[in-house]
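Starting from 1, each residue takes its place in the sequence as its number. Keep in mind that this is a model prediction, so the values were computed, not measured.
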Amino acid sequence: MLTRIAGLSARVRGPLIVLAVLLLAAAGLGLHRVLGPEDTAAARPPAGPRTADRIVPAPLAATAGPGPGYRLSERTAVRVGDVGEQGAEVRRIAEQLAGELRRPTGYPFKVTEDGPADGIRLQLDPALPAETGAEGYRLTSDAEGVRITARTPAGLYRGGQTLRQLLPPRIESRAPVADGPPWSVAAVAVEDRPRYAYRGAMLDVARHFFTVAEVEGYIDRLALYKINYLHLHLSDDQGWRIEIPGRPALTAVGASSEVGGTPGGFYTAADYREIVRYAQERYLTVVPEIDLPGHSNAILASYPELNCTGSARPWPYTGTEVGFSTVCPTGEAVFAFTGEVIAELARLTPGPYLHIGGDEVRAVPPEAYRDFVRRVGAQVLAAGKTPVGWNQTAPAAGPGGVGLLQYWDGKGRDQDVRDAIGRGVKVIMSPAGRSYLDMKYEASYPLGLRWAGTIDVRSAYSWDPDTLVDLPAGSVLGVEAPLWTETLDTPERLDLMLLPRLPALAELGWSPEAGHDWAGFRQRLAEEGARWTAAGFGYEKRSEIPWPAR
Ligand code: TNX
């Protein structure tokens, strides 16, 4: 008696669920309710088991099982099974999950290698089908417990995020929940893996600086939705945000300000390492970006000798214009500078990518621009990393140069991108009109910009990364949602732009295209509001989403 849920359209899925419930009820198997009107209309927070039909991003397949599911208790242990070579990491993931469950429930969640049969079990299983991949997992729950299996620790971690979503929203509370609901997981079998290998979010810490703790809070939000890359925009006209040995003016001068003239800030190497570590523990890879040759006024203010066009503005530059600055694209002093910066970033960054920007350069002729990007790209390759560039760098992309393009504006240059794909390059889709989380929800919205249009939740959700732009099949590595911060100066404001749109982008990146369905998505998203409130995350209560009345 199985009902495959994801992968079917809502039209087919709804009746199938109803049919399954009726058949199971008729068979006297006592299936828990799947989705009823009381879930959304309840005057009190939902207390019962949650079903797989509420997982965001939607899983590849979910099957509502018979029986009452599993209820967490004082006795629930987290077992890591036969741990093998990667045992320490599996144990760490188990400890992290146990820690998250302990806070609201107050239960001890002992992490053990054997122990009682019931409980939560995390098990590596190399015998799972190869298509499960590096991030796929299986999760099953019944009266005995919850089992997550995966081929890799990353898969176990992603499965753990699904388990959080299968519990009542108050499981996200950072403090003990008095009078908590029964902490129950519905009986379910989930089989899951991502559509795309790259599912990113970007934070612009250059226009406004955000502290390590604030960036870690941002990571918490991303991890819930199975985002696996965090792109940090570390330099721009208004500020430079990372310490580089031998280049003290970058931090003494370049980091001293931000948009609006407030003080700015920067990350020491230890700060940056801490962000990388925190991200890694949640299976996110940091992609640092130093934007060159444009967006470089903070560099020029710090080291004026890197300027040969007179493009610098007086320091500090606290406005929000773009495209005016450039480092000298042919100067040897500039390549010495980029070499030092790249070497340090490569040393501090365990991930495979370094982003070299390349957008909005007005002051450099195309040939000089292309040669500059190729040479900086070669420096990144020599440092052992793959250079990533905004789509303007397409003419410099291919073997020996930029290896991954981030598509954001197109602006009639799609052919350049197609040509680069012909040279073996892949693309991350960040179309500004769909994925830029700094765009306003609607024209009258107080925060954000409008140059790429307005983006409500529905339009953030309703596109296909493979087909929005005419690109050869198989060339899209994934999606990324950038959050530029010209108008966003506090973590509270970041939240208002991020939630509820980030989950829309996350679902485009993770879930099978065949299951995309706005009507179903907005229902699942509505349930996330209570989860964010419990976690202390702010969000914009857009009227497009049927938030339950509380
Ligand atoms: C365009 S996207 C930019 C940024 C701005 C952003 C604001 C890109 C590569 N360049 O410099 O912050 O628009 O939405």
Side-chain angles (χ1 to χ4, degrees), residues 1-6 16-36 38-39 45-55 59 61-82 93-94 97-98 100-102 104-125 128 137-150 155-156 158-172 177 179-192 527:
M1 176 50 58
L2 303 180
T3 317
R4 287 177 85 77
I5 294 176
L16 274 183
I17 294 172
V18 171
L19 184 66
V21 172
L22 289 177
L23 286 174
L24 286 167
L29 292 174
L31 181 80
H32 264 65
R33 67 198 161 83
V34 173
L35 254 192
E38 71 272 29
D39 289 313
R50 295 174 57 83
T51 75
D53 207 27
R54 291 179 182 159
I55 303 169
T63 306
Y70 181 66
R71 184 162 167 178
L72 305 182
S73 76
E74 292 277 354
R75 290 175 33 249
T76 304
V78 182
R79 290 183 303 138
V80 290
D82 181 9
I93 293 168
L97 179 63
E100 288 163 359
L101 301 177
R102 266 174 213 138
T105 61
Y107 303 152
F109 292 106
K110 194 163 169 250
V111 176
T112 68
E113 273 171 37
D114 37 34
D118 90 320
I120 298 169
R121 185 184 177 97
L122 302 184
Q123 176 77 59
L124 283 183
D125 182 1
L128 282 178
Y137 65 91
R138 280 185 183 163
L139 182 153
T140 57
S141 60
D142 55 30
E144 299 269 280
V146 180
R147 287 161 303 281
I148 303 173
T149 53
L156 293 179
R158 302 284 179 240
Q161 299 315 297
T162 296
L163 171 56
R164 283 167 72 177
Q165 291 195 331
L166 291 171
L167 284 157
R170 280 190 287 168
I171 201 70
E172 296 305 325
V177 176
D179 276 338
W183 301 107
S184 299
V185 183
V188 71
V190 176
E191 186 178 335
D192 205 6
E527 294 298 319

First locate atom [atom1] of [X], then atom [atom2] of [Y], and finally report the distance between them rounded to the nearest 0.5 Å.
X    : Y    : atom1 : atom2 : result
T112 : R121 : OG1   : CZ    : 9.0 Å
L139 : D192 : CG    : CG    : 9.5 Å
I120 : R79  : CD1   : CZ    : 10.5 Å
F109 : R75  : CZ    : CZ    : 12.0 Å
L163 : Y70  : CG    : OH    : 10.5 Å
L156 : L97  : CG    : CG    : 10.0 Å

Minimum side-chain heavy-atom gap [X]-[Y] below 4.5 Å:
X    : Y    : value
Y107 : T76  : no
L167 : L101 : yes
R71  : P182 : yes

### Task
Not counting sequence neighbours, which residues clear side chain to side chain contact (heavy atoms under 4.5 Å, CB included) with S141? List them please.
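In terms of side chain to side chain contact (heavy atoms under 4.5 Å, CB included), with neighbours along the sequence ignored, S141 is linked to V146, V185, V188.
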Heavy-atom pair of closest approach, residues [X] and [Y]:
X    : Y    : value
I171 : W183 : N-CZ3, 3.3 Å
L128 : A150 : CD1-CA, 3.5 Å
R102 : P108 : NE-O, 2.8 Å
I55  : Q165 : CG2-OE1, 3.3 Å
P181 : P168 : CG-CB, 3.9 Å
A94  : V78  : CB-CG1, 3.7 Å

### Modelled atom types, side-chain donor and acceptor of R138 and T149, under 3.5 Å
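No.
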### Between R164 and Q161: side-chain donor-acceptor atoms closer than 3.5 Å
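Note: R164 and Q161 side chains meet the donor-acceptor criterion.
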